[in-house]
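Written below as structure tokens is the structure these notes are about.
Because the structure is predicted, anything quoted here is derived from the model rather than measured. Residue numbers run from 1 in the order of the sequence given.
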Amino acid sequence: MYSKIQTLRHGLLGQRILERLRKIGLNINPYYLIREGAGPLENNWSCLDAEFTSQVFLQSDMSAMCACTAWNTPEVLQQRLDKGHLCIVLKQQQQIVGYTWVDFKEVNDSVCDIELQPGEVYLYDAFIAPEYRGRGLASYMRVECYQQVRRAGADIFYSISDYFNSPAIRFKQKLHAKFVRLYLDVKVGRFHVGHWVLKEYL
Ligand SMILES: CC(C)(COP(=O)(O)OP(=O)(O)OC[C@H]1O[C@@H](n2cnc3c(N)ncnc32)[C@H](O)[C@@H]1OP(=O)(O)O)[C@@H](O)C(=O)NCCC(=O)NCCS
């Protein structure tokens, strides 16, 4: 968990306020649908090659992946793999310090209802361990992810970022990602108040 200073420094105050409101049953969720991979990629990440490797997750990575975050359990990971999802892991020697997932069939976020067309994929659950953040590793890992997905025959990448998740938006901007739409979803307790498109960008 971030200290108050880190929260302010990394532009996460809005996120923290919405998390507090969620705890009392008011779920206000502004988020962007983002399209990645269409812009040019500068080769800014080669300096990371000596320290890190980015590669497809293998069954032999299961215990290292579970050690990475508390919510990565073998059951959850296996369910994703059984559905054909692809995972790219970022390693420093044998330790997994980050990962990102690809769903080839659907935008598996319960709020966003867009349907994927042939050649399109959904990138989700990108994570870099807190002590490694701010070094451009998410972009480094994502470039490997784009290459692997292209090899599988798709080249349009969608993802979702919370409006107030500045680190997520920043790392995607470095990859020349484009905002597609800004949405707002609101729930009060179990009552779904609504889901709106606030802005179209493309
Ligand atoms: C979003 C995330 C993957 C970005 O990874 P990263 O490798 O730190 O990305 P970058 O190094 O490119 O940094 C992106 C921005 O994060 C912020 N940042 C910098 N240092 C940071 C730190 N120590 N901690 C948190 N954020 C930091 C900065 O705003 C930075 O932008 P800048 O380079 O223009 O200053 C990572 O913060 C993370 O795992 N967050 C939690 C999970 C999450 O929100 N995933 C996104 C789902 S869409």
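With Asp82 as the fixed residue, the side chain to side chain donor-acceptor pair (under 3.5 Å) test singles out one of His85, Arg80, Gln78: Gln78. In summary, of the residues considered (Phe171, Trp101, Tyr99), a ring pair (Phe, Tyr, Trp, His ring centres under 6.0 Å) with Phe127 occurs for Tyr99 alone.
Judged purely by atom type and a 3.5 angstrom limit, Asp61 has no side-chain atom pairing as donor or acceptor with the backbone of Ala64. Checking side-chain atoms of Arg133 against main-chain N and O of Ile128 turns up a donor-acceptor pair under 3.5 Å.
For the pair Asp103 and Tyr124, the minimum side-chain heavy-atom distance is below 4.5 Å. Looking at Tyr183 and Leu33, their side chains come closer than 4.5 Å, going by heavy atoms from C-beta outward. Residues Val56 and Ile88 meet the side-chain proximity criterion, which asks for heavy atoms closer than 4.5 Å. Taking the side chain as every heavy atom from C-beta outward, Ile114 and Tyr122 never approach each other to under 4.5 Å. Counting heavy atoms from C-beta outward, Leu18 and Pro30 have side chains that approach closer than 4.5 Å. Looking at Arg150 and Tyr146, their side chains come closer than 4.5 Å, going by heavy atoms from C-beta outward. Val149 places none of its side-chain heavy atoms less than 4.5 Å from the side chain of Asp155.
Connection of Ile160 to Trp71 is established within a shared hydrophobic cluster, with ILVMFWY side chains joined at heavy-atom distances below 4.5 Å, either directly or through further cluster members. A continuous path of hydrophobic side-chain contacts links Ile24 to Val193 [ILVMFWY only; heavy atoms under 4.5 Å]. Hydrophobic clustering of Ile, Leu, Val, Met, Phe, Trp and Tyr side chains at less than 4.5 Å, counting indirect connections, unites Phe191 with Val186. Using a 4.5 Å cut-off between side-chain heavy atoms of Ile, Leu, Val, Met, Phe, Trp and Tyr, with links allowed through other members, Tyr32 and Leu13 fall into the same hydrophobic cluster.
In this structure, CD1 in Ile34 is found 11.5 Å from NZ in Lys178, a value given to the nearest 0.5 Å. Separating the CD atom in Gln15 from the CG atom in Asp162 is a distance of 4.5 Å, to the nearest 0.5 Å. Between the CD atom of Gln173 and the OG atom of Ser139 there is a distance of 11.0 Å, given to the nearest 0.5 Å. Note that CZ of Arg135 is 8.5 Å distant from SG of Cys47, once rounded to the nearest 0.5 Å. Here the straight-line distance linking atom CZ of Arg181 with atom NZ of Lys199 works out to 14.0 Å at 0.5 Å rounding. To the nearest 0.5 Å, atoms CZ (Arg16) and CG (Leu21) are separated by 13.0 Å.
Of all heavy-atom pairs spanning Tyr201 and Phe179, the tightest one is CB-O, 3.1 Å. Nearest heavy atoms, Phe104 versus Val121: CD2-CG1, 3.5 Å. Annotation for Gly37 and Phe157: closest pair CA-CD1, 3.7 Å, computed over non-hydrogen atoms. Smallest separation of non-hydrogen atoms from Gln94 and Lys91: OE1-NZ, 4.3 Å. Looking at every heavy atom in both residues, Leu123 comes nearest to Ser159 through O-CB, 3.5 Å. A pairwise comparison of heavy atoms in Ser166 and Leu12 identifies N-CD2, 4.3 Å as the closest pair.
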Working for side-chain contact (heavy atoms from CB on, under 4.5 Å), residues Val89 and Gln55: CA-CA 6 Å; Val89 290; Gln55 60 196 68; 4.0 Å; yes
For side-chain contact (heavy atoms from CB on, under 4.5 Å), just list the numbers for Leu90 and Tyr132, CA-CA rounded to whole Å, side-chain angles, deciding distance to a tenth of an Å, and then say yes or no. CA-CA 11 Å; Leu90 178 74; Tyr132 290 87; over 6 Å; no
Evaluate the side-chain contact (heavy atoms from CB on, under 4.5 Å) criterion for residues Phe164 and Ile17: first the C-alpha distance (whole Å), next the side-chain angles of each, then the deciding distance (0.1 Å), finally the verdict. CA-CA 10 Å; Phe164 289 112; Ile17 292 171; over 6 Å; no
Go through the steps for Phe57 and Met62 under the test side-chain contact (heavy atoms from CB on, under 4.5 Å), then give the verdict. CA-CA 8 Å; Phe57 173 89; Met62 189 62 95; 4.1 Å; yes
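At a cut-off of 3.5 Å, with distance as the only test, a side-chain donor of Glu51 or Gln92 sits close to an acceptor on the other residue. Checking Glu75 against Gln79 by side-chain atom types alone, no donor-acceptor pair falls below 3.5 Å. Between the side chains of Asn165 and Tyr31, no donor-acceptor pair of N or O atoms lies under 3.5 Å. A donor-acceptor pair shorter than 3.5 Å can be found between the side chains of Asp185 and His192.
Within a 6.0 Å radius of CD in Glu200, more than 12 heavy atoms belonging to other residues, nucleotides or ligands are found. Shown here is Ile5, whose CD1 atom has no more than 12 heavy atoms of other residues, nucleotides or ligands within 6.0 Å. Atom CD of Gln93 has 12 or fewer heavy atoms from other residues, nucleotides or ligands within 6.0 Å.
Looking at Glu19 and Arg22, no side-chain N of the basic residue comes within less than 4.0 Å of a carboxylate O on the acidic one, giving no salt bridge.
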